[in-house]
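Reading through the structure tokens given below for one structure.
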Amino acid sequence: MKYKKTMIGFAAILVCIAVFVGIYQFTRPKTMAGSKKYTVTVVDSKGEQTSYKASTDQKYLLGALKELDKNSDFSIAGKNETYGFFITTVNGKKVNYDKHKTYWAIYVNGKYGQNGCESQPVTDGDSYRLVYETSK
Amino acid sequence: MIPIDLSMKQVNKVSSHELVQMAFLTALLEASKLAMASIPNVEPVTLLLILYTLYFGWYTLLIAAAYILLETLIWGLNIWVLMYMYIWPILIALVMQIRSSDSVWTYALLAAAFGLFFGAMCSLVYLFIAGPVGALSWWITGIPFDILHSISNFFMVVFLLKPLRHLFDRTLKNNAR
């Protein structure tokens, strides 16, 4: 009886994992192949804005930004952390989350981004804003 | 076999002896959490709170409260503090429902389910901050981490609960009044 209950519990967990994986796969942002035009606007700590228009074959924003770094005066640096790529510097402006709670926020088409830059798909016509922000 | 059932005892007050024990166990909880902080969503807190609840019953809520306070002092006040304020008491309450069980599998399954639904439970706070869509999106983004959390919780309890209970049986029994 005890064994049966344990097996039912174990099966229930596995079913939940399968359902969760399904939800994640079904709702995850879709990538787009081929060339895509996009705009990146950098808003620094003083509110000054610099815009870049470019096109890329990269599927994700991080790849596109690194490409832009090579091909223009835009620059980006960061570090791979446990939860993904953390942008530390944009156009020479460095954030320090540990000391000053500052970070580079990503906005996608005017809305606060729901993905890290390594998992944010680039689609044609997208507009990204990298904004120097302070966590409250 | 549970040697000391503090939640059932007649005395309502926590003795200084128990208080020191709980303070030490809180420090152990925080230290082990920090030691494993570099691995995302692999944490010993679930295992240890299950273990503590088996020995201290509802008094484990005091350990959880002290732990949340310590975490807040280290990392600062943030949204997750609100989440912790109900997440860990939920775990303790769930363990209290099944604490008569001697099977390590029962606790392993509870730990696995707790890890799996950790993000969903935490996302309740985002219901008030970002609305239903924001909360749902926050939960879905974290699903891979919840699965990792669930698997690591399961194996941690399977492999460590029994030896730790052995250790607690010996240590707490010797220290008991």
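When reading the values below, keep in mind they use all heavy atoms of this one structure, side chains included, and skip hydrogens, waters and symmetry mates. Throughout, a chain's letter reflects where its sequence line sits, starting with A, and its residues are numbered from 1. Because the structure is predicted, anything quoted here is derived from the model rather than measured.
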Does any part of the side chain of Tyr24(A), heavy atoms only, come nearer than 4.5 Å to the side chain of Asp146(B), both counted from C-beta?
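Not in contact.
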Heavy-atom proximity to chain A below 4.5 Å, by part of Thr141(B):
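Its backbone and side chain both get close to chain A.
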Which atoms of Ile147(B) are under 4.5 Å from chain A, going by heavy atoms: the side chain, the backbone, both sets, or neither?
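Side chain of Ile147(B) only, per the 4.5 Å heavy-atom cut-off to chain A.
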Pairwise distance CG(Leu14(A)) to OG(Ser150(B)) - rounded to 0.5 angstrom:
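With rounding to 0.5 Å, CG (Leu14(A)) is 9.0 Å from OG (Ser150(B)).
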In Å and rounded to the nearest 0.5 Å, what is the OG to NZ distance from Ser101(B) to Lys5(A)?
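If we round to the nearest 0.5 Å, Ser101(B):OG and Lys5(A):NZ are 9.5 Å apart.
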Over 12 foreign heavy atoms within 6.0 Å of [atom1], [X]:
X         : atom1 : answer
Lys111(A) : NZ    : no
Lys33(B)  : NZ    : yes
Phe10(A)  : CZ    : no

Select, from Phe154(B), Trp75(B), Trp139(B), the one with the greatest count of heavy-atom pairs under 4.5 Å involving chain A.
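Among Phe154(B), Trp75(B), Trp139(B), the one with the most close pairs to chain A is Trp139(B).
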Please tell me whether [X] and [Y] are part of a single hydrophobic cluster in this structure, the criterion being side-chain heavy atoms less than 4.5 Å apart.
X         : Y         : answer
Phe20(A)  : Phe26(A)  : no
Tyr86(B)  : Ile129(B) : yes
Phe159(B) : Ile39(B)  : yes

Search all heavy atoms of Asn78(B) against all heavy atoms of Tyr97(A) and return the closest pair with its distance.
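Shortest heavy-atom contact: ND2-OH, 4.2 Å.
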Shortest non-hydrogen contact from Leu109(B) to Ile13(A)?
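That would be O-CD1, 3.7 Å.
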